[in-house]
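Single-structure report; data block below.
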Amino acid sequence: MARHPKGLYLLFTTEMAERFSYYGMRALFTLYMINALCLSVEEAAGIYGTYTALVYVTPLIGGYIADRYWGTRRSILCGGLIMALGHFLLFLSASMLSDLDMAKTLMFCGLAALIIGNGAFKPNISTMVGSLYPPEDSRKDAAFTIFYMGVNVGATLAPLLCGWLGNVDYRWGYLCACLAMLGGTAIMRLLQHRLLVTPEGKQIGLSPSASVSSVSSVSPVSHKLTAADRRHILVILLIAFFVIFFWAAYEQAGVSLMVLAERNTDRNLFGWIMPAEWTQSLPAIFVVVLAPVFAALWETLAAHRIEPAAPVKQAIGLLFLALGYYVISLGVDGVTGEEKVSILWLVVLYFLHVCGELCLAPIGLSLVNRLSPAHLASLMMGVWYMSTAASNALAGVLSSFYPHDGEVKHFLGYQIATLSDFFMLFVFMSGAAGILMLLACPKLIKMMK
Ligand code: GLN
């Protein structure tokens, strides 16, 4: 594999710690609200859905502040500290369960801090990955794929470690998330000066005023958008729109696919019943295993000059997702009540979903980075994450069509009576989005020039 700058591995580690804290908290949170704070399942689901959507709205603001005032470094450090504070407030909440009102107030303050902190952290660390390379460097897709592996090493370990500590006492799970975030922020603070530099040795991620004054040869940047800039921004918006349908279907992992794992999947492994929650580690594990394969694949295809353009890869990603749902709809065909199917159906589904994810998610980060006008790089990353906010909201709406008790539901005229009908809905949704995107590719590629 091609060599990558050392800074990539610093960003990998920092993002791994941050995602560990994010997914660790998420793994505990629903059961904490229900079992410790005595909220109803509906209340807990409402808070969870609002939180996971808002967490992806604030990157728009965090991206704007970084581009305009702070630069990415300062934003990441502040965001990391605010997120650590959020986890700490949840730790305090879980330490005060004798006063439930106080515990709930602390929980909401903690969530607010996490939402603000993530806004400052998430878009900016992604932008920084791209800044380590010259604008047209062909290693960028591979670099973002390696970075995305860091995301998923964190996401794999978090439910295991925080979930285990949370089973002892919720507060230790939250404290563990807090310490991970503090650790990631400290490593970044210590090593950024040495490692976050361009190939020419110029510091990256400084505030816009500091970057301009530190490079005497660069004249103050005129921030007018050219026609090409406008075209590129339009491409990002169009692709972000298609991507909404990817995450809305993919994120069923935490909702309807979880119910399927719990009720209709045979989790008996040699006499031991595997916890349904563990099936959620499957996609993250597949990302860690498959990310190097995809990174190498892109590099090899690029070396032979047959690498598909980014939107083509992403459209293929949507089709992989549709294929995964098609497989599960075959698996659950005719299944009713508590009847169980083999866990292999879920394994194959997640394998296909992760192949799709690796064609779409890191490639999207790389594409946004390449197409954004430099002075709007983080803001555009925020726009990209906004599509995840819309997806998480849509995922919740769609999961409410999950069939139970023989009840027949309708979604836009489509009848959902069986599990198969329900999963076919995602085949149609992601399949149609993938085909439309594939058809739009020639136009999108032209607009990217
Ligand atoms: N798994 C990714 C992450 O946590 C998902 C991001 C997204 O855009 N939905 O970074």
Side-chain angles (χ1 to χ4, degrees), residues 11-27 29 49 51-60 62-63 76 79-80 83 114-115 117-119 121-129 144-159 177 180-181 184 236 239-255 280-288 290-291 294 314 317-318 321 350 353-369 378 380-396 430:
L11 298 175
F12 175 105
T13 310
T14 311
E15 176 66 342
M16 183 177 76
E18 185 268 336
R19 287 288 99 179
F20 176 93
S21 80
Y22 175 77
Y23 285 110
M25 174 273 179
R26 253 178 54 161
F29 188 45
Y51 167 69
T52 51
L54 285 181
V55 144
Y56 283 108
V57 171
T58 46
L60 197 66
I76 292 169
M83 283 186 79
L114 288 172
I115 290 167
N118 190 67
F121 188 101
K122 185 80 170 142
N124 296 313
I125 191 145
S126 314
T127 305
M128 254 200 165
V129 173
F144 275 101
T145 305
I146 294 170
F147 173 76
Y148 203 70
M149 191 175 154
V151 166
N152 285 280
V153 174
T156 307
L157 298 179
M181 191 64 257
I236 295 176
I239 294 183
F241 172 75
F242 285 113
V243 165
I244 292 177
F245 302 100
F246 182 90
W247 293 115
Y250 182 95
E251 288 294 342
Q252 294 302 313
V255 212
Q280 285 208 48
S281 294
L282 275 172
I285 293 171
F286 276 137
V287 173
V288 175
L290 293 175
F294 274 80
Q314 293 178 302
L318 275 157
L321 202 72
Y350 281 128
H353 281 192
V354 167
C355 289
E357 182 179 4
L358 285 168
C359 290
L360 180 132
I363 305 308
L365 296 174
S366 172
L367 174 114
V368 172
N369 186 270
S378 291
M380 293 316 296
M381 205 51 98
V383 170
W384 178 251
Y385 282 121
M386 272 294 279
S387 69
T388 298
S391 308
N392 284 353
L394 181 60
S430 36

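These numbers come from the heavy atoms of this one structure, side chains and all, not from hydrogens, waters or symmetry mates. Atoms within each ligand, like the ligands themselves, are counted from 1 in listed order.
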Does [X] come within less than 4.0 angstrom of ligand 1, counting non-hydrogen atoms of the residue?
| X | answer |
| --- | --- |
| Glu251 | no |
| Trp384 | no |
| Tyr23 | yes |

Q.
How far is atom 7 (C) of ligand 1 from the closest protein heavy atom, and which atom is that?
A. Thr388 OG1, 3.4 Å
Q: Look at atom 2 (C) of ligand 1 and say which protein heavy atom is nearest, naming residue and atom and giving the distance to 0.1 Å.
A: Tyr148 OH, 3.4 Å
**Q.** Tyr385 and Tyr56 aromatic centres sub-6.0 Å
**A.** yes
To the closest 0.5 Å, what do you measure between [atom1] ([X]) and [atom2] ([Y])?
| X | Y | atom1 | atom2 | result |
| --- | --- | --- | --- | --- |
| Ile125 | Ser378 | CD1 | OG | 11.5 Å |
| Leu394 | Ile244 | CG | CD1 | 8.0 Å |
| Asn152 | Tyr23 | CG | OH | 7.0 Å |
| Tyr148 | Leu360 | OH | CG | 8.5 Å |

Q) For the residue pair Leu318 and Phe245, what are the closest heavy atoms and their distance? A) CD2-C, 4.4 Å
(Q) Please report whether ligand 1 has a polar contact with Glu15, defined as an N or O pair separated by less than 3.5 Å (distance criterion only). (A) no
(Q) Assess whether a salt bridge exists between Lys122 and Glu15, defined as any Lys/Arg side-chain N lying under 4.0 Å from an Asp/Glu carboxylate O. (A) yes
Q. Looking only at heavy atoms, is any part of Tyr385 under 4.0 Å from ligand 1, and if so is it the side chain, the backbone, or both, or is it neither?
A. side chain
Q) How does Tyr56 reach ligand 1, if at all, at less than 4.0 Å between non-hydrogen atoms: by side chain, backbone, both, or neither? A)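 Looking at Tyr56 and ligand 1, just side chain atoms fall under 4.0 Å.
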Q: Measure from atom 10 (O) of ligand 1 to every heavy atom in Glu357, Lys122, Arg19 and give the option owning the shortest one.
A: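 Heavy atom nearest to atom 10 (O) of ligand 1 belongs to Lys122.
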